[in-house]
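In what follows, a single structure is set out as structure tokens and then discussed.
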Amino acid sequence: MIDQLNPEQQAAVTLPPQHALVLAGAGSGKTRVLTTRMAWLIQTSQASPFGLLAVTFTNKSAREMLTRLSALLPINTRGMWVGTFHGLCNRMLRAHHRDAGLLQTFQILDSADQLAAIKRLIKGAGIDDEKYPPRDVQRFINGAKEEGLRPGSVDAWDAHRRRLVEIYQMYQDQCEREGVVDFAELLLRAYELLQRNAPIREHYQRRFQHILVDEFQDTNTLQYQWLKLLAGEGASIFAVGDDDQSIYAFRGANVGNMAEFERDYAHGTVIRLEQNYRSYGHILDSANALIAHNTGRLGKNLWTEQGEGEPVRVVEQPSDLLEAHWLVDEIKAVIGEGSLRSEIAVLYRSNAQSRVIEHALFSSRIPYKVYGGLRFFERQEVKHALAYLRLMDNLHDDTSWLRVVNFPTRGIGARTLEQLSDLARQNNTSLYKAVPLMSGKGGGNLLKFTELIQQMAYEAQILSLPELVEHVIHHSGLRTFYQGEKEGADRLENLQELVNAATVFAAEENFDGLPAGRILMPDAPLAAEDPAQPPAADSAEDAATDADVFSPVVQMSPLGAFLSHASLEAGDNQAQAGQDAIQLMTVHAAKGLEFDTVFITGVEEGLFPHENSLIEAAGLEEERRLMYVAITRARQRLYLTLAQSRMLHGQTRYAMRSRFLDEIPEEHLKWLTPRERAPVVANSNWSAGAYRRGDAYGRPSTGGAVARPARSLTTGVSVGDKHFRIGQGVTHAKFGEGTIIGLSGAGVDAQAQIQFRDVGTKTLALGIAKLEIAG
DNA sequence: AAACAGTTATACCCC
DNA sequence: ATAACTGTTT
């Protein structure tokens with residue numbers, strides 16, 4: 001089992017029970033180490049399969065872990081605590097819903113549901129949505145929860161923030177009333193449950209002697225606290241991660257957790273996995289050189305035995321269109337060399353870039369697949385069907401109620417619903433309960449809808465899960481509705497797919513033939529859910545303790561279980577995985593994947609690094625990690641492409657090449673188009689005089705009126721008597737000295753992105769801002 | 001008066 | 001592609 005591992009991997013796998021941090025570089029066999037560690041612990045009887053807990057960030061990697069584990073050992077992995085943070089917290093909360101203060105049937109809001117709930121709240125409470133945009137409110141609430149803060153503990157230093165806290169509180173009340181829980185709440189509740197309830201905490205602390213964490217660099221503050229609490233004094237935490245691949249700060253991930261973990265627990269038990277089994281030398285060296293520009297790293301250098309391979313190819317094109325055309329030609333050539341299409345990936349920083357690339361591929365009839373669109377359970381028709389199903393489980397789920405009350409349309413409009421909402425608010429009840437209170441007309445249609453829901457809820461007590469799903473799709477009118485739609489064929493297919501998903505799920509969970517709505521009492525208490533394949537020494541003793549402490553056990557109906565599954569799984573977003581097609585995705589989506597050939601497109605200032613991230617140094621470092629992730633996806637060949645101009649939001653924008661290109665030593669690069677002597681953007685100050693010059697293609701120098709070939713592009717904008725160009729030094733009365741790093745628009749609409757020495761990057765309207773051109 | 005259907009404005013960085 | 005707006009239908 002371990003003899004195929006390299007010495008570092010072996011050391012990690014066979015570490016005695018103690019806290020440890022494994023710094024696992026890209027392509028260093030991270031998942032393998034994790035799974036082998038689990039297998040080793042079990043095989044050497046240091047842990048039973050049910051005495052360890054492994055947590056990951058995606059369902060996919062949780063599944064992969066279990067698959068690999070069962071390949072290593074002849075054990076039944078069912079019932080093991082291996083899953084995502086959200087999945088495990090959900091499991092815990094379901095088991096102890098009473099102690100957690102939740103309804104047994106609590107529903108999970110995904111972020112779209114959450115946003116809808118917030119919008120509804122803001123409307124209902126008459127809050128100005130200009131001053132409090134629902135998106136910002138959502139960010140505020142989730143941010144607070146990820147820090148472990150309830151409304152009472154959030155710092156509110158000004159009126160605006162105080163109001164936000166009030167909204168946060170109102171939102172919590174609303175969730176409480178409706179019996180719903182958002183993603184962040186799942187974690188916070190589970191944390192508070194462990195914190196407040198000593199018997200439960202001690203039970204889990206006793207049970208899980210080994211806690212293994214994947215992708216530790218992506219944990220947020222709350223997740224780390226949860227792990228600490230769960231580990232208590234006795235358990236060992238085996239944390240695997242790569243601080244250089246931390247790219248989720250925008251959703252709360254805290255890179256600092258890695259260093260903190262080392263301080264708190266690992267005390268020098270840090271194992272570095274630096275041998276890379278994926279890429280050739282030039283690619284790795286480029287990645288190493290780039291990431292070396294970040295500060296505060298734990299430090300790590302990837303190496304390979306594979307040789308240096310091909311240099312990284314760099315291509316600069318005048319426009320995004322030409323970039324895409326070049327891309328298509330090059331892809332054809334790579335395919336011509338015998339590469340599989342599915343082994344070629346085109347990566348981009350932002351989704352907006354995919355359009356042009358897709359268009360070019362489509363025109364050339366090259367099959368491609370875009371990742372990261374809507375996932376199965378996020379599609380509107382599926383969400384509609386799920387909303388009906390949720391109402392079967394909990395009639396007071398107002399979010400679901402509002403989603404489908406008039407879909408398909410049944411003559412219940414905004415006016416009626418407004419009245420209903422008012423009634424519900426006045427009586428502090430759900431919309432469902434408020435229906436009988438409605439007097440007068442308009443109520444007729446509402447009543448009919450209520451009866452429909454009641455009827456379907458009744459069916460849930462009789463029909464099996466797949467039958468119920470089918471029944472609901474039919475009797476809700478969803479099927480008829482989409483049959484009448486011009487573009488409804490796909491949606492009908494997805495609805496059918498939902499029935500299939502329910503069938504598969506019911507079979508996997510042994511729900512066959514059971515009524516969807518009937519609550520299942522598991523036949524044994526918590527610890528005894530162990531199928532007890534290899535006899536766990538402590539299980540009998542554990543079960544006895546559990547029976548005393550826990551009367552409530554996992555109570556769930558097949559329907560409830562399926563709805564949880566739908567919320568937490570979100571489904572695959574790759575429709576037809578079988579076909580051999582070029583892989584298109586954002587850099588974020590590419591994390592964890594690898595390809596023979598990788599194209600990283602749009603390697604430009606303002607795009608990659610993204611302009612929004614340049615405001616603070618931490619943002620720039622995250623962008624650099626993002627580039628690091630992108631580079632390390634490539635096995636054999638890597639291309640970096642950039643365009644001098646690009647259509648964005650209907651405007652042409654001009655940008656310089658990314659500073660990241662200049663952070664990779666030239667010895668690893670091979671420019672396929674001439675490298676211009678463009679300025680190197682050092683952090684804030686670079687000397688004037690280093691701007692663009694004309695090049696071999698006869699593109700203009702930026703000096704001013706130069707004859708240009710027909711296709712060439714302006715890199716400057718004139719406003720009044722001033723002429724602005726990229727790379728120009730300017731001064732602003734308030735912001736001080738800066739440099740133009742991007743231009744867009746023309747005439748009165750002209751705007752410039754300016755990187756100021758002291759205040760970061762700002763976008764200014766050239767017609768308004770009084771800029772002086774620096775000498 | 002209320003609900004519906006079709007049109008137009010704006011949008012988006014990443015999960 | 002969602003939200004806001006407009007004209008038409010019940």
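In what follows, every chain begins at residue 1, and chains take the letters A, B, ... in the order their sequences are listed. All values below come from the heavy atoms of this structure, side chains included, with hydrogens, waters and symmetry mates left out. Computed from a predicted model, the values in this text were never measured in an experiment.
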Using whole Å, what does the distance between atom [atom2] of nucleotide [N] and atom [atom1] of [X] come to?
X: A:E622; N: B:dC15; atom1: CD; atom2: P; value: 12 Å
X: A:L607; N: B:dC12; atom1: CG; atom2: P; value: 16 Å
X: A:Q353; N: B:dA11; atom1: CD; atom2: P; value: 19 Å
X: A:Q138; N: B:dC14; atom1: CD; atom2: P; value: 15 Å
X: A:R139; N: B:dC13; atom1: CZ; atom2: P; value: 11 Å
X: A:N445; N: C:dT10; atom1: CG; atom2: P; value: 15 Å
X: A:L420; N: B:dA3; atom1: CG; atom2: C1'; value: 16 Å
X: A:K123; N: C:dA4; atom1: NZ; atom2: C1'; value: 10 Å

Aromatic ring of A:H610 stacked on base six-ring of B:dC13, 5.5 Å, 30°: yes
pi-stack flag for A:Y248 and B:dC14, centroid dist under 5.5 Å, interplanar under 30°: no
A:Y628 vs A:N294, side-chain hydrogen bond (donor to acceptor under 3.5 Å, both in side chains): CA-CA, chis, key distance, verdict: CA-CA 11 Å; A:Y628 178 80; A:N294 270 7; over 6 Å; no
Pair A:Y132 and A:F140, ring centroids less than 6.0 Å apart: no
Pair A:F216 + A:Y224: ring centers closer than 6.0 Å: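 That pair passes the under 6.0 Å test.
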Nearest-nucleotide 5' precedence on DNA chain B, A:S613 against A:L417: A:L417
Residue met sooner reading DNA chain B from 5', once A:I247 and A:T409 are mapped to nucleotides: A:T409
Sugar-phosphate, base or nothing in reach of A:N612, heavy atoms under 4.0 Å: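 Touches a base.
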Sugar-phosphate only, base, or nothing, as touched by A:R415 at under 4.0 Å among non-hydrogen atoms: sugar-phosphate
Identified salt bridge (charged side-chain N to carboxylate O under 4.0 Å, His left out) partner of A:D244 from the options A:R297, A:K591, A:R624: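 By the salt bridge (charged side-chain N to carboxylate O under 4.0 Å, His left out) criterion, A:D244 pairs with just one of A:R297, A:K591, A:R624: A:R297.
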Among B:dC15, B:dC13, C:dT2, the nucleotide that comes nearest once only the side chain of A:K119 is considered: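 The answer is C:dT2.
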A:T416 side-chain proximity, nearest of B:dC4, B:dC14, B:dA2: B:dA2
Contact under 4.0 Å: A:N406 side-chain N or O vs B:dA3 OP1/OP2: no
Option among A:R349, A:R657, A:R646 that satisfies the side chain to side chain donor-acceptor pair (under 3.5 Å) test with A:E604: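 That would be A:R646; it is the only one of A:R349, A:R657, A:R646 passing the side chain to side chain donor-acceptor pair (under 3.5 Å) with A:E604.
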